[in-house]
Asker: 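My questions will all concern the structure given below.
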Amino acid sequence: NTLQPLEQKDVEMYGDEVTAVRLADGQIYVVVAHMCDALGIDTQGQTRRMQNHAVLSDGLTWVDVLSTQGDTAQRRRSRVLRTDLVPLWLTGIRVAAVKEEIRAKLEQLQRNAARILWDAFQTGELAIADDFQSLLKAADSDTVQAYLIAQAVVKLARQQIAIEAKVEDHGRRLIELEGAIAADDAIVTQDQAMQISQGVKLLAIAQGKKSGRNEFGATYGELYRRFGITSYKQAPSHKFPEIMKWLNEWFISISDDEWPF
């Protein structure tokens, strides 16, 4: 099935422009072909890799993306990947597979792509079809004025929500930082926490294939027991390499698949 986006944006990412969309479930997706073009890698090959990947395949879907060529705009069926899975996909791309001049960009995207794509939708407004925009410009009625006022109110409300969320997030980070300083040990970054979480999920899926059970709880439990933590987000930063090495060795010992990190 091909999904219809509620909102579409062209996002600038380190010198390249990629198209991202928001779907009805509130999730944000990025056009795979645009990301591949930015890195100079084969779109079909990367798409096959996503389809064959237990985690990435869950976030891969088809969307009708609005494309403009000259004065003509049309919808094109495009493969898109959910943005929270973009770091997992990018970390599986070998540095040697991209040109030397693009390797720095690959590293930047691995670190920041998901955040940039998510941030792009925090202060925007719903895209409206060109023909409807024309109606708004041509008509002059109380209904149109009411609609425009409502749109302005919605935009202001969304901006306020985004500001409040950022303030709350900054407050939470400050509390976490103060706690880390008091304990004389910094915690993992958000990117590192995401890598740990994705690694645990891959490991749990691999174990589940062998046991026929849901292994997510047991895998997280073993992680917490082994490293003396209560949440992967609170893992000490100096233990991050050790945690990833442990996940890697465990995954390789039970799976024939390639470890993507």
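No experiment lies behind these values; they were computed from the predicted model shown.
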Asker: Same cluster or not: Val18 versus Ile93, using hydrophobic residues (I, L, V, M, F, W, Y) connected whenever any side-chain heavy atoms lie under 4.5 Å apart?
Answerer: yes
Asker: Please name the pair of heavy atoms, one in Ile28 and one in Ala20, separated by the smallest distance, quoted to 0.1 Å.
Answerer: CG2-CB, 4.4 Å
Asker: Please answer: with hydrophobic residues joined when any side-chain heavy atoms are less than 4.5 Å apart, are Leu23 and Met50 in the same cluster?
Answerer: no
Asker: Answer with yes or no whether the hydrophobic clustering places Phe227 together with Val200; edges join I, L, V, M, F, W, Y residues whose side-chain heavy atoms lie under 4.5 Å apart.
Answerer: yes
Asker: Any chance CD of Gln44 has more than 12 other-residue heavy atoms, nucleotides or ligands included, within less than 6.0 Å?
Answerer: no
Asker: Would you check if the side chain of Asn52 reaches a backbone N or O of Arg48 as a donor-acceptor pair within less than 3.5 Å?
Answerer: yes
Asker: In terms of side-chain heavy atoms, does Tyr29 have a donor or acceptor partner in Thr19 at a distance below 3.5 Å?
Answerer: no
Asker: Check for a donor-acceptor pair, side chain of Arg22 on one end and backbone N or O of Phe121 on the other, with a separation under 3.5 Å.
Answerer: yes
Asker: List the atom of Arg75, the atom of Pro5, and the distance in Å for their closest heavy-atom pair.
Answerer: NH1-CG, 3.9 Å
Asker: For the residue pair Glu242 and Lys245, establish whether any side-chain heavy-atom pair is separated by less than 4.5 Å.
Answerer: no
Asker: Please determine whether the number of non-hydrogen atoms from other residues, nucleotides or ligands lying under 6.0 Å from atom CD of Gln4 exceeds 12.
Answerer: yes
Asker: Report the C-alpha separation of Ile243 and Arg226 in whole Å, then their side-chain angles, then the decisive distance to 0.1 Å, and conclude whether the side chain to side chain contact (heavy atoms under 4.5 Å, CB included) test is met.
Answerer: CA-CA 9 Å; Ile243 291 174; Arg226 185 178 183 89; over 6 Å; no
Asker: Do the side chain of Glu12 and the main chain of Glu17 share a donor and acceptor less than 3.5 angstrom apart?
Answerer: no
Asker: When rounded to the nearest 0.5 angstrom, what distance separates NZ in Lys201 from CG in Asp58?
Answerer: 10.0 Å
Asker: Between Val30 and Val21, is there a side-chain heavy-atom distance shorter than 4.5 Å?
Answerer: no
Asker: Are the side chain of Ser57 and the backbone of His53 linked by a donor-acceptor contact shorter than 3.5 Å?
Answerer: yes
Asker: Any salt bridge linking Arg103 with Glu107? Criterion: basic side-chain nitrogen under 4.0 Å from a carboxylate oxygen.
Answerer: no
Asker: For the CG atom of Leu203 and the CD1 atom of Ile252, what is their distance to the nearest 0.5 Å?
Answerer: 11.0 Å
Asker: Nearest 0.5 Å, please: how far is CG in Leu247 from CD in Gln198?
Answerer: 11.5 Å
Asker: If you compare all heavy atoms of Tyr220 against all heavy atoms of Ser197, which two are closest, and at what distance to 0.1 Å?
Answerer: OH-OG, 3.2 Å
Asker: What are the two closest heavy atoms between Ala206 and Phe251, and how far apart are they?
Answerer: CB-CE1, 4.1 Å
Asker: Can Gln207 and Thr219 be said to form a side chain to side chain donor-acceptor pair (under 3.5 Å), step by step?
Answerer: CA-CA 9 Å; Gln207 292 187 97; Thr219 307; 2.7 Å; yes
Asker: Donor-acceptor pair, distance only, cut-off 3.5 Å: does the side chain of Thr83 make one with the backbone of Trp118?
Answerer: no
Asker: For the atom pair OG1 (Thr91) and CG (Leu109), what is the distance rounded to the nearest 0.5 Å?
Answerer: 12.0 Å
Asker: Given side chains that start at C-beta, do those of Pro87 and Met194 come closer than 4.5 Å, heavy atoms only?
Answerer: yes
Asker: Does the side chain of Phe240 come within less than 4.5 Å of Thr189's, by heavy atoms?
Answerer: no
Asker: Group every Ile, Leu, Val, Met, Phe, Trp and Tyr by side-chain heavy-atom contacts under 4.5 Å, then state whether Val86 and Val65 land in the same group.
Answerer: no
Asker: Quiz question: by atom type and distance under 3.5 Å, do the side chains of Glu249 and Ser253 form a donor-acceptor pair?
Answerer: no
Asker: How long is the span from the CG atom in Asp64 to the CG atom in Leu3, to the nearest 0.5 Å?
Answerer: 8.5 Å
Asker: Go through the steps to decide whether Lys105 and Asp16 satisfy the test salt bridge (Lys or Arg N to Asp or Glu O under 4.0 Å), and finish with yes or no.
Answerer: CA-CA 10 Å; Lys105 181 191 296 186; Asp16 294 291; 2.3 Å; yes
Asker: Is Ile41 close to Gln46 at the side-chain level, that is, under 4.5 Å between some pair of heavy atoms?
Answerer: yes
Asker: Membership question, hydrophobic clusters at under 4.5 Å side-chain separation (ILVMFWY): are Val31 and Leu81 in the same one?
Answerer: no
Asker: Going by atom types only, do Glu222 and Trp250 share a side-chain donor-acceptor pair under 3.5 Å?
Answerer: no
Asker: Could you give the distance from CG (Leu88) to CG (Leu56), rounded to the nearest 0.5 Å?
Answerer: 4.5 Å
Asker: Which heavy atom of Ala113 sits nearest to which heavy atom of Met35, and what is that distance?
Answerer: CB-CE, 4.5 Å
Asker: Is there a side chain to side chain contact (heavy atoms under 4.5 Å, CB included) between Val32 and Leu60? Walk through the geometry before answering.
Answerer: CA-CA 9 Å; Val32 173; Leu60 190 66; 4.0 Å; yes
Asker: Between Arg79 and Cys36, is any pair of side-chain heavy atoms under 4.5 Å apart?
Answerer: no
Asker: Given side chains that start at C-beta, do those of Tyr232 and Gln234 come closer than 4.5 Å, heavy atoms only?
Answerer: no
